[in-house]
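Notes to accompany the following structure.
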4 protein chains.
Amino acid sequence: MTQTITRNTRGVYVISATPFKEDGTIDMGSLDRLTDFFIEKNVTGITILGMMGEADKLTPEESRAVIDRVIARCGNLPVIVGVSGSGLRNLADLSRYAMDKGVAGVMVTPNRGPAYDDRVESYFHAVAKALPDVPLILQDFPLSTGVPLSARLIRRLSLDIPQLVMLKHEDWPGLTKITAIRDMEKQGDGPRMSILCGNGGLYLPQELARGADGAMTGFAYPEALVRTVELFQQGKQDEAEDFFDAYIPILRHEQQPGFGLAVRKYVLKQRGMIACEETRAPGPRLSVVDRAEVDRLMHRTQLRLEAL
Amino acid sequence: MTQTITRNTRGVYVISATPFKEDGTIDMGSLDRLTDFFIEKNVTGITILGMMGEADKLTPEESRAVIDRVIARCGNLPVIVGVSGSGLRNLADLSRYAMDKGVAGVMVTPNRGPAYDDRVESYFHAVAKALPDVPLILQDFPLSTGVPLSARLIRRLSLDIPQLVMLKHEDWPGLTKITAIRDMEKQGDGPRMSILCGNGGLYLPQELARGADGAMTGFAYPEALVRTVELFQQGKQDEAEDFFDAYIPILRHEQQPGFGLAVRKYVLKQRGMIACEETRAPGPRLSVVDRAEVDRLMHRTQLRLEAL
Amino acid sequence: MTQTITRNTRGVYVISATPFKEDGTIDMGSLDRLTDFFIEKNVTGITILGMMGEADKLTPEESRAVIDRVIARCGNLPVIVGVSGSGLRNLADLSRYAMDKGVAGVMVTPNRGPAYDDRVESYFHAVAKALPDVPLILQDFPLSTGVPLSARLIRRLSLDIPQLVMLKHEDWPGLTKITAIRDMEKQGDGPRMSILCGNGGLYLPQELARGADGAMTGFAYPEALVRTVELFQQGKQDEAEDFFDAYIPILRHEQQPGFGLAVRKYVLKQRGMIACEETRAPGPRLSVVDRAEVDRLMHRTQLRLEAL
Amino acid sequence: MTQTITRNTRGVYVISATPFKEDGTIDMGSLDRLTDFFIEKNVTGITILGMMGEADKLTPEESRAVIDRVIARCGNLPVIVGVSGSGLRNLADLSRYAMDKGVAGVMVTPNRGPAYDDRVESYFHAVAKALPDVPLILQDFPLSTGVPLSARLIRRLSLDIPQLVMLKHEDWPGLTKITAIRDMEKQGDGPRMSILCGNGGLYLPQELARGADGAMTGFAYPEALVRTVELFQQGKQDEAEDFFDAYIPILRHEQQPGFGLAVRKYVLKQRGMIACEETRAPGPRLSVVDRAEVDRLMHRTQLRLEAL
């Protein structure tokens, strides 16, 4: 049984893709290979069933099967599960299933609807009440959810809901938000929260410099995230950033909303991690031109790394 | 076995609520009573698992159970099933299940995402391809989906996808859209489509005057919809509108987005159709003040009807 | 010189349309007639240069000319001026001009952008700082601005900004928001704020029952608003609502977003208040079918009033 | 007098910032220096009064003063003017003023409102009708306007409106849109349109490879855009991309929506082009931490360039 996440969790929790076969069913063999790949790259943990894991297109049975499969493969490596969805009842059922299997925490976005701060606050209190003792991660991703949250609302949730221990930070722009939260934590009495950053890692060095604890994102080169965080934590900021910058051209390509998932799965396929790049419909897919473009960016990334 | 819907379907397809017990499980007894109530009020058909049926908060098993229950209770009355969701695969599975049970058609919204006309068009072609021969209803409800569709895009879909036979019209404002579609149909060669109107019926007399074929909505007084459509089809427009106007004060109250579902379920409970007014979380619920307000509006509606 | 608005302002502040000639210039003669019409209907005050006054399509010179003209015509009747716009500098210039001319206060929406509560809060503090001593009205109209505000944020702004004395309430749904604000005011120490309601008045009787102080909206039958508020303030709620309900069918027609302005201007023209119904481009305009529909609704309203 | 833009215009049209003094007035001296800087960096033309020029916070007088000043400074260098705004009348007035002064074309976004393709189409026809013979640029920037346009709608506008000669492309993701437009142009009979790319240039090499004609954006290192486009047009794609990649880390920082304008103006100030980095309220401003972060990115960009 793995440890659950805490307010001091650090490192890289990679967001796993969900590989499918040509016929649209989940490719469990590729999922194993992908899990092994992540472990081999020394990630701190794996997050499954996130937005980029196409969780909203799976059946409940498929979601549980993914949890079972990854947990079985991971050993002691912590696993986080995205459980966001339209109904609190379904969310709670999936969360309980996952916790029983030994996952380290569950990740929740604000539910869809107008961005009233009190509506969002009530929702997270309801989630916490439905899931006593389950470690919660707040995913703050307004570009996708349509629900912007202020730094002070996040701080209030962190203080009022003891089990809400982590922020998956992917607001954009979001750098000043990290600073604002860390400042409030320093000035106040309550505990800090762990902050892991998303958005592919596009601003990872800046985020780490401002007090983030690591990354939680699915960039198809997770080794870039791992090494950057390591170097940073060793105090080698320049070295970290020199290294990380080599990946930014392809990262900014993968970071295109909607379209980027197809890029990511194609890169994972080209790197041998999954057998088939297909996303479930409706989802993005690459044309011949798109693929050649990604091939070129992969090649250029390789050249750049060799030149470092 | 019931008949499927066609491009000439007329009448009132009432959107059914999904009743829950205090413990949050589906209240099948109340669902039966509600179904009987609709039949007794002479609706043309029943639409289940729509947005106001809280379909997105049910599990697939629950959705199938609702289909089974309503179909069994309905006899020859046609049933339409809302099947919208994030993944085409799940949508197709539920649709096939429903069609096998004998429903009259399935209703689909544009999938979430930016409102590119070509994105929406591709999506409906993909839906149609995944569901050959299944009668499709396009639900056009931008206030909820965030995806506005032009009249000409709807006309093109109607022409290019023979099985797309009906529009659930609830754009707002939407009156000129009905006129635009009917004008294109008159001027062009292809077939018309059936247009049933939503939005609680707030503009029903105007919509019928512009060429709509009836209503598909869940107003807690379905008899108002039924009689208005009947009178209209008998050419008694003034009488229809005099009658319908008596309901507009409470209808405009039920029509408040998000909040309105709680009003509707409360009225249905007060009218004896369902045992418990609860919506599944996260969902609206009424305060003591809210309930007294609805009681007053119900009472005033009653007085007004008596005075007609 | 008129009195400025206060936290206890009550009554009906009608939102004035801006009449244009066929050639698109402002029709000052019609503006006079419209002003006289409002005065004759016993409104408490007039609000000019609101959204439905097409303020964003006027030049600064035209805006100042409208202020001058209406102020000159109004005598002691208080005038409120909408000053919302993209830049604080322009907003402050127009506000100062208007205050110098003797208006009773200025109305401001949250500026466009993501709905972070702290962003909105900062904005109103900046507005207040730029306009010391100017009475401010917060217009809360998320359907148009895209910026939802919670009741507690509005209460906080009311407490922290002494000159923010009034809420133009037109959130939708918004009834529970009025109750929430009035409850916070009763439980806390600070002063109340005046609440005048918009949305054409669609829920005016319910809003008054929940503690609103009147209406600020541009329904083309302002006498309906005036008499309803009067009767309410005399404690005659049933009578008020019986009277008001007669207007709801045409009111719900005028209340269609975007399109409704063309309905309103057409009704004002048919009632003889303005010479030309045109809106400035880009703006809605009525077809022959649309006009006949409005004519019918006007006629039916008349019949209904006669039958009361 | 300069030449107007055409369907074959190529190169780099830099989007100019509008410099302000500490007191908030326009800093005409800095505007001159900035104009000289752009000319010195060999841009093809200058675009003023765009979104990032804070055009919506200027008065009409200020807008005209900016046009006069830049035109006077530019000599034969073509100038494009952003004229988007709420009212067609004001848009036309500003456009005519600018054309009389000798600008090369005017740039227009779709007006705010729901993204119906026919609404957008009507709008551009109305703009064209109001401005006969004026060369028009369609700015396609849904992240800011909220109005997504399909490739086929853009192609239709290009065909039906002869004077609509250029697309400012900044949809995101938007690479496949360029390919789609170029494919339609190859397959059809009508003329091509010029495509210049925005978004800071974040995907400029990819966009050029797909058939774009250059850039129209305000990246604070315009020399990066100029040289990249030049190298590309000489067929040196690898060299172009090697060069451009050096700028991506700071470019992705400047590309943060809303916040990025403060970064851009700070860099321009640090580079000596403008005296004061302030934006007009409400606008972004940098903290001490933010400034240090940008300083670091500027320094790293310098080091990287030296190492090329």
Side-chain angles (χ1 to χ4, degrees), chain A residues 142-143 148 171-180 182-183 199-207 209-211 237-238 241-242 244-263 284-290 292-294 296-297 299-301 303-304 307-308, chain D residues 142-143 148 171-180 182-183 199-207 209-211 237-238 241-242 244-263 284-290 292-294 296-297 299-301 303-304 307-308:
Chain A
L143 190 66
D171 200 352
W172 183 60
L175 292 166
T176 58
K177 185 180 267 187
I178 295 174
T179 301
R182 289 301 185 224
D183 284 351
N199 278 328
L202 193 59
Y203 302 94
L204 187 56
Q206 285 71 35
E207 291 162 336
R210 284 167 180 266
Q237 181 170 356
D238 288 332
E241 204 160 350
D242 290 343
F244 191 74
D245 281 359
Y247 290 94
I248 291 186
I250 193 164
L251 174 48
R252 67 91 160 75
H253 197 75
E254 194 189 288
Q255 196 49 22
Q256 297 174 80
F259 185 72
L261 178 60
V263 174
R285 65 181 50 199
L286 302 186
S287 68
V288 173
V289 172
D290 298 332
E293 190 178 55
V294 180
R296 178 177 166 85
L297 285 163
H299 178 63
R300 289 182 54 81
T301 304
L303 291 179
R304 177 82 182 281
L308 279 185
Chain D
L143 191 67
D171 199 352
W172 184 59
L175 293 167
T176 58
K177 184 180 268 188
I178 295 174
T179 300
R182 289 301 185 225
D183 283 351
N199 278 325
L202 193 58
Y203 302 93
L204 186 56
Q206 284 72 34
E207 291 162 336
R210 284 168 181 265
Q237 181 170 356
D238 288 331
E241 203 159 351
D242 289 344
F244 191 74
D245 281 359
Y247 290 94
I248 291 186
I250 194 164
L251 174 48
R252 66 90 159 78
H253 197 75
E254 194 189 286
Q255 195 49 21
Q256 297 174 81
F259 185 73
L261 178 60
V263 173
R285 64 181 50 199
L286 302 186
S287 69
V288 173
V289 173
D290 297 333
E293 190 177 54
V294 180
R296 178 178 165 84
L297 285 163
H299 178 65
R300 289 182 53 80
T301 304
L303 290 180
R304 178 80 183 282
L308 278 185

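The analysis underlying the following values was restricted to heavy atoms, covering all of them including side chains, and did not include hydrogens, waters or symmetry mates. By convention in this document, chain letters (A, B, ...) are assigned in the order of the sequence lines, proteins followed by strands, and residues within each chain are numbered from 1.
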- request: List for me each residue that meets salt bridge (Lys or Arg N to Asp or Glu O under 4.0 Å) alongside A:Glu293, sequence neighbours excluded, and say none if there are none.
  value: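 Testing A:Glu293 for salt bridge (Lys or Arg N to Asp or Glu O under 4.0 Å), a comparison that skips the adjacent residues, returns D:Arg210.
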- request: Please name all residues satisfying salt bridge (Lys or Arg N to Asp or Glu O under 4.0 Å) with A:Glu207, sequence neighbours left out, ordered by chain then number.
  value: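 Counting only residues at least two positions away or on another chain, A:Glu207 forms no salt bridge (Lys or Arg N to Asp or Glu O under 4.0 Å).
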Heavy-atom contact with chain A under 4.5 Å, split by part of D:Pro284: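 Neither part; nothing is under 4.5 Å.
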task: Tell me, for D:Leu143 versus chain A, whether the close heavy atoms (under 4.5 Å) come from the side chain, the backbone, both or neither.
output: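 For D:Leu143, the side chain is the part near chain A, not the backbone.
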message: At a heavy-atom distance under 4.5 Å, which candidate from D:Phe244, D:Tyr203, D:Phe259 has the highest pair count against chain A?
response: D:Tyr203
query: So do D:Asp290 and A:Leu175 actually touch side chain to side chain, heavy atoms under 4.5 Å?
result: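 Sidechains of D:Asp290 and A:Leu175: no contact.
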query: Got a second to check how far A:Asp242's CG is from D:Arg300's CZ, nearest 0.5 Å?
result: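 Spacing of CG (A:Asp242) from CZ (D:Arg300) equals 4.5 Å.
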- prompt: What's the spacing between A:Leu202 CG and D:Ile248 CD1 if we round to 0.5 Å?
  reply: 10.0 Å
query: Just one of D:Gln255, D:Gln206, D:Arg252 clears the side-chain contact (heavy atoms from CB on, under 4.5 Å) bar with A:Arg252, so which one?
result: D:Gln206
query: Checking heavy atoms, do the side chain of A:Leu303, its backbone, both or neither come under 4.5 Å from chain D?
result: neither
query: How far apart are the closest heavy atoms of A:Gly174 and D:Gln256, and which atoms are they?
result: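 A:Gly174 and D:Gln256 have their closest heavy atoms at N-OE1, 4.2 Å.
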